Amino acid sequence: MSEVVKFHFLVDGEDFTSAGQASVQMKKSLRQLGISPEIIRKLSIAMYEGEINMVIHAGGGEADVLIYEDHIELNLVDRGPGIANIELAMQEGFSTAPDNIRSLGFGAGMGLPNMKRYSDSIQINSKVGEGTQILMTFHL
Amino acid sequence: MMTVREMAERLSMTPISVGDTDRTFDGVYIGDLLSWVMGRAQSGNIWITIMSNINIVAVATLTDVACIVLAEGVTLDENVRTTAEQKGVSIYTTEMTAYEIAAALATVEQ
Ligand SMILES: Nc1ncnc2c1ncn2[C@@H]1O[C@H](COP(=O)(O)OP(=O)(O)OP(=O)(O)O)[C@@H](O)[C@H]1O
Ligand SMILES: [Mg+2]
């Protein structure tokens with residue numbers, strides 16, 4: 001398999017009830033490709049956290065998954081408000097989620113830490129007023 | 001190893017959504033904060049929660065828990081229930097508290 005397998009998803013920022021669909025769909029596709037269950041679990045959870053963050057904090061965005069021979073790249077891009085202090089945002093428990101979101105069980109401030117935990121590397125680029133890009137890689 | 005269905009029968013829990021109930025379970029995770037669940041729950045766990053919104057279906061799918069048990073008599077809106085059924089996520093409800101469920105599971109799990 002020398003060809004790169006690519007997936008692209010639009011994450012709708014308006015529709016909170018369908019949030020997470022891209023990750024669930026991705027999980028299915030990875031299973032069809034014969035990726036190991038452990039990697040599928042890590043990647044789909046990390047993607048879900050990113051997807052929910054784009055919906056809650058950034059008004060939606062886009063997700064790309066690129067499957068190479070020995071690793072997978074997960075790239076999340078949004079044009080939301082950006083993250084002013086990335087180091088702070090990465091800390092467990094830090095959250096700016098509003099009350100209505102917290103009542104749904106989000107806002108524990110564990111999403112970014114989970115993305116870090118489940119990926120083999122994570123790179124966050126963000127500019128206040130412009131948006132956020134998060135690139136995660138997973139070794140196969 | 002006990003299946004999800006056997007466990008639910010032993011604890012007299014009410015099925016709300018029926019998925020693969022022949023699946024065996026291993027261990028329990030209790031929590032309502034979804035990112036905690038995603039960070040800590042293990043594949044095959046029984047997940048006990050009082051959360052009932054649509055997002056629990058995706059969380060159960062992605063963490064690959066064996067089933068969800070809703071504590072304290074929590075139920076689901078019809079659209080959440082049908083989504084869970086479509087995704088094959090088993091969900092039960094019971095009047096027991098999370099503590100009572102976990103205590104009961106500790107005796108059946110051995
Ligand atoms: N895409 C994003 N755009 C703007 N801000 C973001 C984005 N992602 C995260 N943040 C900021 O970083 C904080 C921490 O994110 P994290 O995912 O760890 O926690 P949370 O989303 O608040 O809660 P949880 O993920 O536990 O439900 C958020 O509260 C928000 O302020
Ligand atoms: Mg989050």
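Here the structure is a predicted model, which means the values were calculated and not measured. A, B, ... follow the sequence lines: proteins, then strands. Residue 1 opens every chain.
- If you measure heavy-atom distances from Ser18(A) to chain B, you find no contacts under 4.5 Å at all.
- The 12-atom threshold is not exceeded at CD of Glu14(A), counting heavy atoms of other residues, nucleotides or ligands nearer than 6.0 Å.
- Under the 4.5 Å side-chain heavy-atom criterion for ILVMFWY residues, a single connected hydrophobic cluster contains both Leu140(A) and Phe138(A).
- Cluster membership for Ile86(A) and Leu135(A), using ILVMFWY side-chain heavy atoms within less than 4.5 angstrom, is not shared.
- Residue-environment remark: CD1 (Ile50(B)) stays at or below the threshold of 12 foreign heavy atoms within 6.0 Å.
- For residues 105-126 of chain A, a heavy-atom distance under 4.5 Å to chain B picks out Gly105(A), Phe106(A), Ala108(A), Met110(A), Gly111(A), Asn114(A), Arg117(A), Tyr118(A), given by residue number.
- When heavy atoms are compared at a cutoff of 4.5 Å, Thr49(B) does not approach chain A at all.
- At a heavy-atom cut-off of under 4.5 Å, chain A is reached by no residue from residues 79-86 of chain B.
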Evaluate Met26(A) against Leu62(B) for side-chain contact (heavy atoms from CB on, under 4.5 Å), listing each step before the verdict. CA-CA 10 Å; Met26(A) 195 59 229; Leu62(B) 297 171; over 6 Å; no
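- Ile46(B) and Val18(B) fall into different hydrophobic clusters, where Ile, Leu, Val, Met, Phe, Trp and Tyr are joined by side-chain heavy atoms under 4.5 Å apart, directly or via other members.
- By a heavy-atom distance cut of under 4.5 Å, not one residue of residues 6-15 of chain B is near chain A.
- For Ile54(B), the part lying near chain A is the side chain, with the backbone staying farther off; criterion is any non-hydrogen pair under 4.5 Å.
- Between chain A and the options Met38(B), Met51(B), Arg40(B), heavy-atom pairs under 4.5 Å are most frequent for Met38(B).
- By the rule that hydrophobic residues join a cluster once side-chain heavy atoms approach within less than 4.5 Å of another member, Val37(B) and Tyr99(B) end up as members of separate clusters.
- Side-chain heavy atoms closer than 4.5 Å link hydrophobic residues (I, L, V, M, F, W, Y) into clusters, and following such links, even through other members, never connects Val128(A) to Ile134(A).
- Once rounded to the nearest 0.5 Å, the distance linking CG of Asp32(B) with OG of Ser103(A) reads 12.0 Å.
- Atom CD1 in Ile52(A) sits 5.0 Å away from atom CG in Asn55(B) (nearest 0.5 Å).
- Of the possible donor and acceptor atoms, none in the side chain of Lys87(B) sits under 3.5 Å from a partner among the backbone N and O of Val24(A).
- Of all residues spanning residues 38-51 of chain A, those with a heavy atom less than 4.5 Å away from chain B's heavy atoms are Arg41(A), Ser44(A), Ile45(A), Tyr48(A), Glu49(A), arranged by number.
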